[in-house]
Amino acid sequence: MRKVLIAAVLAMGLMSSVQGARAQSGQTEVAPALDAMLTQFEGECMGAAKAMPAEKYGFSPADLKIPGAKFDGVRTFAGQVTHLVSANYYFYSQASGLKPDADMKAIGAMKNKDQIVAALAASFAFAHKAIASISTASGLDTIKPVDGQMTRATVAAFAVAHGYDHYGQMVEYLRMNGIVPPSSAK
């Protein structure tokens with residue numbers, strides 16, 4: 001529910017920005033505003049995915065063996081990234097109606113860093129393509145993804161909100177391994 005609320009707030013802000021810009025220029029569309037959010041998120045995720053050494057892609061907080069800590073079922077770093085890959089394809093296919101151009105079953109089985117980073121980049125390319133297909137009018141079309149009724153624009157915004165949750169975990173995994181995330185090193 002919290003994620004749906006965050007996505008709704010993001011989408012309302014997005015639509016407000018678009019309407020304000022439209023009032024000034026008459027030319028702003030929803031897709032560029034959504035794409036700007038995605039581009040920022042993409043840069044941070046790709047930086048984090050590339051920063052983790054290949055030999056640490058199997059790392060999870062359970063490896064730290066902290067007394068009393070419960071990490072059962074926690075994803076590895078590779079699991080966080082492949083989850084983002086799958087989520088990008090899922091949400092942006094829902095938002096646009098486009099079919100994913102990847103083997104969805106193979107994504108979860110990936111373990112190799114180079115393969116995973118390439119899959120993440122491809123999922124962002126798909127997401128950009130999907131966003132480009134959303135017009136200002138179609139952005140307000142109601143669709144029915146898993147979490148209830150939303151518009152195409154709110155699903156696209158939700159994808160970024162959801163992704164930042166996992167990006168935050170990736171950042172923690174980097175820090176647990178003594179690596180400063182690229183977005184913090186700037």
Side-chain angles (χ1 to χ4, degrees), residues 1-49 75 79-108 110 116-171 181-183:
M1 183 62 166
R2 184 185 88 193
K3 288 181 183 177
V4 172
L5 179 60
I6 290 169
V9 169
L10 284 171
M12 287 188 313
L14 168 72
M15 297 309 279
S16 175
S17 296
V18 168
Q19 289 170 350
R22 249 194 178 162
Q24 292 175 2
S25 70
Q27 297 176 354
T28 301
E29 295 292 325
V30 168
L34 289 168
D35 200 60
M37 287 183 356
L38 177 65
T39 297
Q40 180 178 358
F41 171 60
E42 175 183 11
E44 292 177 2
C45 282
M46 291 301 298
R75 289 183 175 107
Q80 292 291 346
V81 181
T82 57
H83 177 76
L84 277 175
V85 171
S86 295
N88 281 346
Y89 282 115
Y90 174 75
F91 288 121
Y92 289 103
S93 68
Q94 291 292 310
S96 66
L98 299 175
K99 296 219 183 281
D101 52 5
D103 180 355
M104 299 304 293
K105 291 181 181 177
I107 293 169
M110 292 179 178
I116 293 170
V117 170
L120 183 61
S123 76
F124 280 118
F126 175 79
H128 287 290
K129 179 179 168 185
I131 284 175
S133 76
I134 301 171
S135 69
T136 298
S138 72
L140 297 176
D141 289 347
T142 300
I143 58 175
K144 297 178 183 181
V146 173
D147 289 336
Q149 291 189 341
M150 296 168 128
T151 66
R152 293 184 188 286
T154 55
V155 170
F158 177 80
V160 172
H162 170 264
Y164 269 119
D165 187 32
H166 295 283
Y167 167 72
Q169 293 173 54
M170 291 166 61
V171 165
S183 63

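Model, not experiment: these values are computed from the prediction. Residue indices begin at 1 and follow the sequence shown.
- Between the side chain of T136 and the backbone N or O of V30 there is at least one donor-acceptor pair closer than 3.5 Å.
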What verdict does the ring-ring contact (aromatic ring centres under 6.0 Å, His included) test give for Y92 and F126, after you've listed the backbone C-alpha separation in whole Å, the side-chain angles of each residue and the deciding distance to 0.1 Å?
CA-CA 8 Å; Y92 289 103; F126 175 79; 7.6 Å; no

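- By the 4.5 Å heavy-atom criterion applied to side chains, M170 and L84 are counted as neighbours.
- In terms of modelled atom types and a separation under 3.5 Å, the side chain of T39 and the main chain of D35 share a donor-acceptor contact.
- Interatomic distance, CD1 of I107 versus OG1 of T82, reported as 8.0 Å (0.5 Å rounding).
- Pairing each heavy atom of S133 with each of S138, the nearest pair is O-OG, 4.2 Å.
- Contact of the Y164 side chain with the Q40 side chain is registered, since non-hydrogen atoms from C-beta on lie closer than 4.5 Å.
- When atom types are taken as modelled, the side chain of S86 and the backbone of H83 share no donor-acceptor pair closer than 3.5 angstrom.
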Can Q94 and M150 be said to form a side-chain contact (heavy atoms from CB on, under 4.5 Å), step by step?
CA-CA 10 Å; Q94 291 292 310; M150 296 168 128; over 6 Å; no

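- Expressed to the nearest 0.5 Å, how far OG of S123 lies from CD1 of I116 amounts to 12.0 Å.
- For the side chain to side chain contact (heavy atoms under 4.5 Å, CB included) test, residues two or more places apart in sequence or in another chain that qualify with P181 are V171, L174, R175, S183, S184.
- In this structure, the salt bridge (Lys or Arg N to Asp or Glu O under 4.0 Å) partners of D141, at least two apart in sequence or on a different chain, are R152.
- In this structure, G47 and P182 approach most closely via the heavy-atom pair O-CG, 3.3 Å.
- Smallest separation of non-hydrogen atoms from L120 and A49: CD2-CB, 3.8 Å.
- Ring-plane geometry between F124 and F41 is classed as perpendicular, the angle between the planes exceeding 60 degrees on a 0 to 90 degree scale with a lower cut at 30.
- Separation of atoms CG (L34) and CD1 (I134) is listed at 6.0 Å; rounding is to 0.5 Å.
- Ring-plane geometry between F91 and F158 is classed as perpendicular, the angle between the planes exceeding 60 degrees on a 0 to 90 degree scale with a lower cut at 30.
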Set out, in order, the CA-CA distance, both residues' side-chain angles and the distance that settles side-chain contact (heavy atoms from CB on, under 4.5 Å) for R75 and Q169, then state yes or no.
CA-CA 10 Å; R75 289 183 175 107; Q169 293 173 54; 5.5 Å; no

